[in-house]
Amino acid sequence: MSLFSDAARPVERIQLAPGALLLRGFADAQAAELLREVEALSKVSPFRHLETPGGFTMSVAMTNCGAVGWVSDRSGYRYQALDPLTGQAWPPMPAAFLALAQAAAAEAGFPAFTPDVALVNRYAPGASLSSHRDGDERNHEHPIVSVSLGLPASFFFGGLERSDPVTSYRLDSGDVVVWGGPARLAYHGVRKLKDGEHTLTGRTRINLTFRKAL
Ligand code: SIN
Ligand code: FE2
């Protein structure tokens, strides 16, 4: 039994693809604490709407914590050690983030995961993330761990080609998705967030994606 699951309620595991697992409610017990940490780190490195290389402004607001952060601008996508907005290092990854990410990865069969970045996404109603794969990390042996907090989202997950069929899953607060191995470079995205009200976040969804970038 995982440290992070309610002893009375085993975590429901749903396989999205070989190497990709949805752990329903895995982060329920930590949700409030994780959100307090998001609040604190966003005071150091504020949420911002990044520009894509093609000149669009992303509808999802982002920030990071850890040794590096993911950024996008007219010159491309990359990880960098300094926050371009503040000129300072990103805030360190909170211990509670690391513990949860490692426990979820282990639960999904990736016991040696040591993320060096958590990308923090903030969705307001109407925000979405178009189909993409997380490929800017130095090597792809390590999984991605994605934690959903607040309003539910419709997350779609497909295959290694953009044209592969996708399946949509509702992600509720506390749900964790882990993808690695043969699914590491699968295409995925988030459909337009529906408006609503969540007790922990109001009209907002927060997503944490843990990556080993370096
Ligand atoms: C991502 O693909 O990086 C974020 C996914 C999500 O918000 O659930
Ligand atoms: Fe992604």
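Just so you know, ligand 1 is whichever comes first in the structure, and atom 1 is the first atom listed for that ligand.
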Using only N, O or S atoms, tell me which atom of His132 is closest to the Fe ion (ligand 2).
-> NE2

Do you know which N/O/S atom name in Asp134 is closest to the Fe ion (ligand 2)?
-> OD1

Salt bridge check: are Arg78 and Asp73 linked by an N-O gap of less than 4.0 Å?
-> yes

Does Leu41 share a hydrophobic cluster with Val147, counting links as ILVMFWY side-chain heavy atoms below 4.5 Å and allowing steps through other members?
-> yes

Using the test side chain to side chain contact (heavy atoms under 4.5 Å, CB included), find all partners of Glu161 that sit at least two apart in sequence or belong to another chain.
->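 In terms of side chain to side chain contact (heavy atoms under 4.5 Å, CB included), with neighbours along the sequence ignored, Glu161 is linked to Ser163, Asp164.
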
Could you please spell out the steps behind the salt bridge (Lys or Arg N to Asp or Glu O under 4.0 Å) verdict for Arg48 and Asp83?
-> CA-CA 11 Å; Arg48 79 290 308 259; Asp83 177 349; 2.8 Å; yes

Check: every ligand 1 N/O to protein N/O pair under 3.5 Å:
{"from": "ligand 1", "atom 1": "2 (O)", "to": "His132", "atom 2": "NE2", "distance (Å)": "3.1"}
{"from": "ligand 1", "atom 1": "2 (O)", "to": "His188", "atom 2": "NE2", "distance (Å)": "3.0"}
{"from": "ligand 1", "atom 1": "3 (O)", "to": "Arg211", "atom 2": "NH2", "distance (Å)": "3.3"}
{"from": "ligand 1", "atom 1": "7 (O)", "to": "Tyr123", "atom 2": "OH", "distance (Å)": "2.6"}
{"from": "ligand 1", "atom 1": "7 (O)", "to": "Arg205", "atom 2": "NH1", "distance (Å)": "2.9"}
{"from": "ligand 1", "atom 1": "7 (O)", "to": "Asn207", "atom 2": "OD1", "distance (Å)": "3.3"}
{"from": "ligand 1", "atom 1": "8 (O)", "to": "Arg205", "atom 2": "NH1", "distance (Å)": "3.4"}
{"from": "ligand 1", "atom 1": "8 (O)", "to": "Arg205", "atom 2": "NH2", "distance (Å)": "2.8"}
{"from": "ligand 1", "atom 1": "8 (O)", "to": "Asn207", "atom 2": "ND2", "distance (Å)": "3.2"}

With sequence neighbours excluded, residues passing ring pair (Phe, Tyr, Trp, His ring centres under 6.0 Å) with Phe47 = none

Taking atom types as modelled, is there a side-chain donor on Asn207 or Ser146 under 3.5 Å from an acceptor on the other?
->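 Yes - a donor-acceptor pair under 3.5 Å links their side chains.
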
Contacts of Glu51 that satisfy salt bridge (charged side-chain N to carboxylate O under 4.0 Å, His left out) - sequence neighbours left out |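 Glu51: salt bridge (charged side-chain N to carboxylate O under 4.0 Å, His left out) contacts with Arg74.
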
